[in-house]
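Counting starts at 1 for both ligands and their atoms, following the listed order. Heavy-atom basis, side chains included; hydrogens, waters and symmetry copies ignored. As the structure is a computational prediction, the values presented were derived from the model and not from experiment.
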Amino acid sequence: MTGSRAGAIARAQREYDDGVFVDRLAKLVAVPTESHPPEHKADLERYCHAVLGPMVRELGFETVVLDNPEPIHGPVLVATRIEDPALPTVLFYGHGDVVRAMPERWRTGLDPWTLKIEGDRIYGRGTVDNKGQHLLGIDAMGAVMAERGGRLGFNTKIMVETGEEAGSPGLLEFVRRHKDLLAADVFIALDGPRVSRTVPDVTLGTRGGIAMDIVVDLREGGHHSGHWGGLLKDAGVILSHAIASIISRDGRILVPGWTPKNVPDSVTRAARAVQAEVLPGAPVPEPDWGEPGLNNAERIYAWSSAIVLASISGQPESPVNAVGGKARARIQLRHTVDVKAEDVVPALEAHLAAQGFDEVKVVPVTERDAFQASRTDPDDPWVKAVVSSFAETSGGAPNIIPNIGASGPSEYFRQTLGTPVIWIPHSYGGCGQHGPDEHGLGTLFRDGLGLMAGLWWDIGEKGRPA
Ligand SMILES: [Zn+2]
């Protein structure tokens, strides 16, 4: 056996120090791969065929570029490298598309499509979301292969889609259609910001998001408030009371069935141990808001949150002296896998009926292929393998995030392919993704190259975790 774990990590980090990683990232960033609106389909195709494709073929991958099941959207690059069918297979996911560049909003001297380094910051659209992150995983594979005499020690499938920023249209159907091509033992993707610049994250899922309107519709038109106020029910007042029955004045959810009955111990343990960084300029969590008895991490990663996204009665822009007959609000519930999505609307209907709000109707906001809540158990053997690998590389335990507070496509993969789903972010909260001046941090890329080289080395060394 040639090479060593430390040798693989050193090779990966040397690639950063020698500027090779940044040069390759510049090539990826230079392709204007905006996915929404789908005017850039030719660029999305070029990214797969002519830019990222050759980089993975150099490492011995065979590539195919497959159509999105919704052909208006960009294609999906699938790269496969099988060393031995008996070895474990890693499915590695990323996305080559980016949000709108909005060049007019970037600081003078910065251009979204031209990589620019200033101190530790590496600016460019897609540097962290997600080009820099999937490149990092791929380059760490290259370092391990070089160290191990051309072998990784496991099989790899790389899937890079180009519609993520448009909500991953067609992704679920794609994964179903290509289930065999994508079959693997574990799904690993690098995406998103870490909660701390000093501690790596292992993220195991997402919350689901469900929106619904609550609607009060008593009568057509308004009636003179002098003649009818006090005689006719006011839709705005009824709506306000309905909202107050859903969320208490200190932010607690009051609808039975909207919060978990039980939170698994492994999830509570992981959430309580999360060490998050307080970013300058970010709001500070309010101690007297939300479910009492939970710390901040548990409130986001292990519990539900309900928000009033919008509410309206009358005409706020030009109020009229009239008793209004109509009012509505949009409520959003974010929930973990411990609350079933299909129970959410019926639970609210039952709650409003029990509270006597006969005039209030619940209208679900339907979204096709809505992102579901997803969670891989923090005690899953693959999770433990990643955690112990990171602990060995960085000298301390990583944060284990049972699921992020937001939503994403984790469940598409977990359910369709039956794999544990593990996200490893290499960005930070101040990275400007989705806004102007998107940038990655050189220290986190270098750190990430080392962590991923260590992880790929360990999977090749130890095989499937018991
Ligand atoms: Zn994004």
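Evaluation of the side-chain contact (heavy atoms from CB on, under 4.5 Å) rule for V337 yields A373, R375 as partners, not counting sequence neighbours. Applying the side chain to side chain donor-acceptor pair (under 3.5 Å) test to D437 and every residue at least two apart in sequence or in another chain returns nothing.
E165 and H36 share no donor-acceptor pair across their side chains, judged by distance under 3.5 Å alone.
Here R194 pairs with D447 in a salt bridge; the nearest charged N to carboxylate O distance falls below 4.0 Å. Salt-bridge check for R148 with E83: failed, with every basic side-chain N at 4.0 Å or more from each acidic carboxylate O.
Excluding waters, the count of protein N/O/S atoms less than 2.8 Å from the Zn ion (ligand 1) comes to 4.
Residue pairs meeting the ring-ring contact (aromatic ring centres under 6.0 Å, His included) criterion with at least one member in residues 172-211, sequence neighbours excluded: Y93-F187, F174-H178, F187-F413, F187-W423.
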